[in-house]
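Values below: all heavy atoms of this structure, side chains included; hydrogens, waters and symmetry mates excluded.
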Amino acid sequence: MRHAAIPASGISLLSRFDPHDKVWSAQLPFLFQRRIGSSDRVIAGGTVLT
């Protein structure tokens with residue numbers, strides 16, 4: 001696991017798709033995010049293992 005510093009602009013507000021309810025969430029500062037190319041994405045719940 002790699003620790004990333006929070007950018008000077010803060011945590012990005014992102015929307016995520018809920019496949020169960022089939023709706024997009026409001027823009028929120030999700031804890032688990034990753035950068036893909038030039039955009040930030042929410043990491044799916046199935047990706048995060050306990």
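I36 belongs to no hydrophobic cluster with other residues, because no ILVMFWY side-chain heavy atom falls under 4.5 Å from its own, directly or through intermediates.
Identified under the salt bridge (Lys or Arg N to Asp or Glu O under 4.0 Å) test for residues 39-49, with sequence neighbours left out: R35-D40.
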In a table with atom names and distances, give each donor-acceptor pair under 3.5 Å that connects a side chain of residues 22-33 to protein atoms at least two apart or in another chain.
{"from": "S25", "atom 1": "OG", "to": "R16", "atom 2": "N", "distance (Å)": "3.0"}
{"from": "Q33", "atom 1": "NE2", "to": "S12", "atom 2": "O", "distance (Å)": "2.9"}
{"from": "Q33", "atom 1": "NE2", "to": "F30", "atom 2": "O", "distance (Å)": "2.9"}

